[in-house]
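Shown next, in structure tokens, is the structure this report addresses.
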Amino acid sequence: MTNAGAWDAVVTCFFIDTAHNIVEYIEIISKILKDGGVWINLGPLLYHFADVYGQEDEMSIELSLEDVKSVAVSYGFEFEKESTIETTYTTNPRSMMQNRYFAAFWTMRKKSV
């Protein structure tokens with residue numbers, strides 16, 4: 001991987017639940033961050049592939065928030081901040097329909113080896 005250890009920070013906003021395999025996303029984030037680098041995340045876990053799985057589709061690995069955090073720790077991350085933030089996504093403020101998400105927010109740092 002040419003970007004291994006190249007980045008000081010990675011920000012994922014409404015992104016990690018787009019993965020077929022969220023463990024691969026966490027592994028890649030860990031690989032591209034420098035030791036001591038920070039991962040900032042904001043977003044829900046509304047996996048996009050749960051209802052489309054069929055014989056020809058790739059299986060989707062859809063972990064709970066607690067499992068995502070556990071996997072991140074196993075890839076060398078330490079939590080610095082963690083909370084739930086009520087937020088919107090692509091909302092028209094003039095619309096009568098307002099979807100709200102209770103999104104996971106965290107700041108994790110990759111441990112120095």
Side-chain angles (χ1 to χ4, degrees):
M1 174 179 279
T2 58
N3 286 316
W7 298 96
D8 293 312
V10 172
V11 177
T12 52
C13 184
F14 280 77
F15 175 72
I16 62 173
D17 61 346
T18 66
H20 278 284
N21 182 347
I22 195 166
V23 176
E24 288 179 349
Y25 276 21
I26 295 168
E27 179 182 20
I28 290 168
I29 292 166
S30 177
K31 283 182 180 179
I32 66 174
L33 276 175
K34 294 178 181 176
D35 287 350
V38 67
W39 175 19
I40 301 167
N41 177 72
L42 173 67
L45 293 176
L46 300 173
Y47 297 99
H48 298 266
F49 303 102
D51 299 328
V52 296
Y53 180 68
Q55 289 181 344
E56 298 172 15
D57 296 317
E58 182 178 340
M59 188 162 60
S60 181
I61 296 174
E62 300 172 357
L63 302 179
S64 69
L65 178 57
E66 290 306 312
D67 288 339
V68 169
K69 294 189 301 188
S70 181
V71 169
V73 167
S74 75
Y75 275 95
F77 287 100
E78 294 177 311
F79 277 87
E80 291 186 337
K81 283 186 177 181
E82 175 181 10
S83 66
T84 301
I85 296 175
E86 184 178 352
T87 187
T88 60
Y89 182 75
T90 65
T91 299
N92 180 345
R94 295 180 294 167
S95 171
M96 292 177 76
M97 183 174 169
Q98 302 289 320
N99 291 325
R100 302 230 178 264
Y101 296 92
F102 293 92
F105 170 78
W106 65 68
T107 302
M108 291 190 214
R109 191 162 301 275
K110 183 178 171 185
K111 293 182 205 173
S112 297
V113 201

Has the side chain of [X] got a donor or acceptor atom that lies under 3.5 Å from a matching backbone atom of [Y]?
{"X": "E27", "Y": "I22", "result": "no"}
{"X": "S74", "Y": "V71", "result": "yes"}
{"X": "S95", "Y": "M97", "result": "yes"}

May I ask you to decide if the ring planes of F79 and W106 are parallel, tilted or perpendicular, using 30° and 60° as cut-offs? perpendicular
Assign the ring pair Y101 / F14 to parallel, tilted or perpendicular, where the plane angle (0 to 90°) is split at 30° and 60°. perpendicular
Could you measure the distance from the [atom1] atom of [X] to the [atom2] atom of [Y]? Nearest 0.5 Å is fine.
{"X": "M108", "Y": "I40", "atom1": "CE", "atom2": "CD1", "answer": "11.5 Å"}
{"X": "D35", "Y": "K110", "atom1": "CG", "atom2": "NZ", "answer": "5.0 Å"}
{"X": "R109", "Y": "E78", "atom1": "CZ", "atom2": "CD", "answer": "9.5 Å"}
{"X": "N99", "Y": "T90", "atom1": "CG", "atom2": "OG1", "answer": "8.0 Å"}
{"X": "E86", "Y": "R100", "atom1": "CD", "atom2": "CZ", "answer": "5.5 Å"}
{"X": "D67", "Y": "I61", "atom1": "CG", "atom2": "CD1", "answer": "11.5 Å"}

What pair of heavy atoms forms the shortest contact from [X] to [Y], and how long is it?
{"X": "P44", "Y": "D17", "answer": "O-OD2, 3.2 Å"}
{"X": "L63", "Y": "L45", "answer": "O-CD1, 3.8 Å"}
{"X": "T87", "Y": "A103", "answer": "CG2-CB, 4.0 Å"}

Y75 side chain reached by I29 side chain, heavy atoms, under 4.5 Å: no
Side chain to side chain donor-acceptor pair (under 3.5 Å) between E62 and S60, intermediate numbers included: CA-CA 6 Å; E62 300 172 357; S60 181; 2.9 Å; yes
Are L46 and F102 connected into the same hydrophobic cluster when the rule is that any two of I, L, V, M, F, W, Y join if their side-chain heavy atoms are below 4.5 Å apart? no
For side chain to side chain contact (heavy atoms under 4.5 Å, CB included), just list the numbers for F77 and L33, CA-CA rounded to whole Å, side-chain angles, deciding distance to a tenth of an Å, and then say yes or no. CA-CA 10 Å; F77 287 100; L33 276 175; 3.6 Å; yes
Apply the test side chain to side chain contact (heavy atoms under 4.5 Å, CB included) to residues F15 and N41: give CA-CA distance (whole Å), side-chain angles for both, the deciding distance (0.1 Å), then the verdict. CA-CA 8 Å; F15 175 72; N41 177 72; 5.9 Å; no
Before you tell me yes or no, could you show the steps for T12 and W39 under side chain to side chain contact (heavy atoms under 4.5 Å, CB included), namely the whole-Å CA-CA distance, both residues' side-chain angles and the distance that decides it to 0.1 Å? CA-CA 8 Å; T12 52; W39 175 19; 2.9 Å; yes
